[in-house]
Amino acid sequence: KNQVEQSPQSLIILEGKNCTLQCNYTVSPFSNLRWYKQDTGRGPVSLTIMTFSENTKSNGRYTATLDADTKQSSLHITASQLSDSASYICVVSPTSGTYKYIFGTGTRLKVLA
Amino acid sequence: NAGVTQTPKFQVLKTGQSMTLQCAQDMNHEYMSWYRQDPGMGLRLIHYSVGAGITDQGEVPNGYNVSRSTTEDFPLRLLSAAPSQTSVYFCASSYARLANTGELFFGEGSRLTVL
């Protein structure tokens, strides 16, 4: 069964610190993997996209990596800010299944001043 | 552009009542979908559409109906609300020609409570 698992479930860090969120998936083959940010009470917004052949993609202070051999992706946040407090969701698009997206359960990040 | 607009933002229903969640997008996206988000679970697909007049079921379609008469609108109908349908509902759209490689654009969500 195609699955996407994220860890940790929740994380608390101090402002200015770095952190790394993990995404393990069993979806294979897949066309792309995205990370979304979901602020409390809002809809998710795409942060990064990587195809199966890419290793890393950056978007400002957010850097996503992908290891297709171990089926792992990570999202690294540098110099965290209070506005980074949100849930981060890993989403994998399987090659088969046309319009289906496989969502992880998310990591809830809290950045403290 | 407004993007994806959902109404209402909040709704309380009694068991057995029916209602419609509205979703509209102004990006000319062919693909539109409805998800529900429950604590501790990933977003789950209820129904989706790849164009006007075309709809299909997702993984949790029971108790919900959809229709797509225009490119812009994709309403979700709860036929007879049950407490198990208490959830946050998200409408999302994307360019269908990219199949599931396209970025999903989400609405702000509709929080539904069924008593």
Side-chain angles (χ1 to χ4, degrees), chain A residues 1-10 21 23-54 57 59 64 66 86-108, chain B residues 2-7 9-10 21 23 25 27 29-51 54-61 66 68 74 88-111:
Chain A
K1 180 181 176 181
N2 286 332
Q3 284 189 315
V4 176
E5 295 185 351
Q6 293 186 242
S7 62
Q9 280 191 321
S10 62
L21 314 180
C23 172
N24 294 340
Y25 60 90
T26 61
V27 183
S28 183
F30 71 95
S31 55
N32 67 58
L33 184 149
R34 288 182 182 271
W35 283 91
Y36 283 79
K37 179 186 180 187
Q38 184 177 19
D39 292 319
T40 301
R42 308 292 295 274
V45 176
S46 180
L47 282 176
T48 64
I49 175 175
M50 288 181 293
T51 65
F52 66 92
S53 61
E54 293 180 297
K57 186 68 69 76
N59 178 3
L66 177 63
S87 289
Y88 292 84
I89 303 172
C90 176
V91 184
V92 181
S93 298
T95 303
S96 62
T98 324
Y99 299 101
K100 302 296 172 61
Y101 299 78
I102 312 298
F103 288 81
T105 55
T107 292
R108 186 182 299 273
Chain B
V4 179
T5 303
Q6 287 183 235
T7 56
K9 287 189 181 298
F10 301 94
L21 300 178
C23 176
Q25 53 91 9
M27 296 173 283
H29 285 168
E30 296 173 18
Y31 176 84
M32 295 186 74
S33 56
W34 278 101
Y35 291 86
R36 59 178 290 172
Q37 187 174 42
D38 300 294
M41 304 184 75
L43 284 151
R44 292 184 292 169
L45 181 65
I46 304 172
H47 285 286
Y48 67 95
S49 168
V50 298
I54 306 170
T55 64
D56 205 347
Q57 295 181 347
E59 58 180 307
V60 289
V66 292
R68 185 92 178 269
F74 190 47
V88 181
Y89 293 85
F90 287 97
C91 179
S93 69
S94 179
Y95 290 110
R97 67 179 180 273
L98 298 177
N100 65 347
T101 63
E103 175 182 356
L104 284 170
F105 291 82
F106 287 86
E108 295 290 270
S110 298
R111 183 175 294 274

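Because the structure is a prediction, the values reported are computed rather than measured.
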So which part of A/Phe30 gets closer than 4.5 Å to some heavy atom of chain B, the side chain, the backbone, both or neither?
-> neither
Under 4.5 Å heavy-atom distance to chain A, tell me which part of B/Gln37 shows up: side chain, backbone, both or neither.
-> side chain
Who are the side-chain contact (heavy atoms from CB on, under 4.5 Å) partners of A/Val45, not counting sequence neighbours?
-> none
Minimum side-chain heavy-atom gap B/Met27-B/Val4 below 4.5 Å | yes
Checking heavy atoms, do the side chain of A/Gln6, its backbone, both or neither come under 4.5 Å from chain B?
-> neither
Listed by chain and number, what are the side-chain contact (heavy atoms from CB on, under 4.5 Å) partners of A/Arg42, not counting sequence neighbours?
-> A/Asp39, B/Glu108
Begin from the C-alpha positions of A/Arg34 and A/Ser46 and carry the test side chain to side chain donor-acceptor pair (under 3.5 Å) through to its verdict.
-> CA-CA 7 Å; A/Arg34 288 182 182 271; A/Ser46 180; 3.1 Å; yes
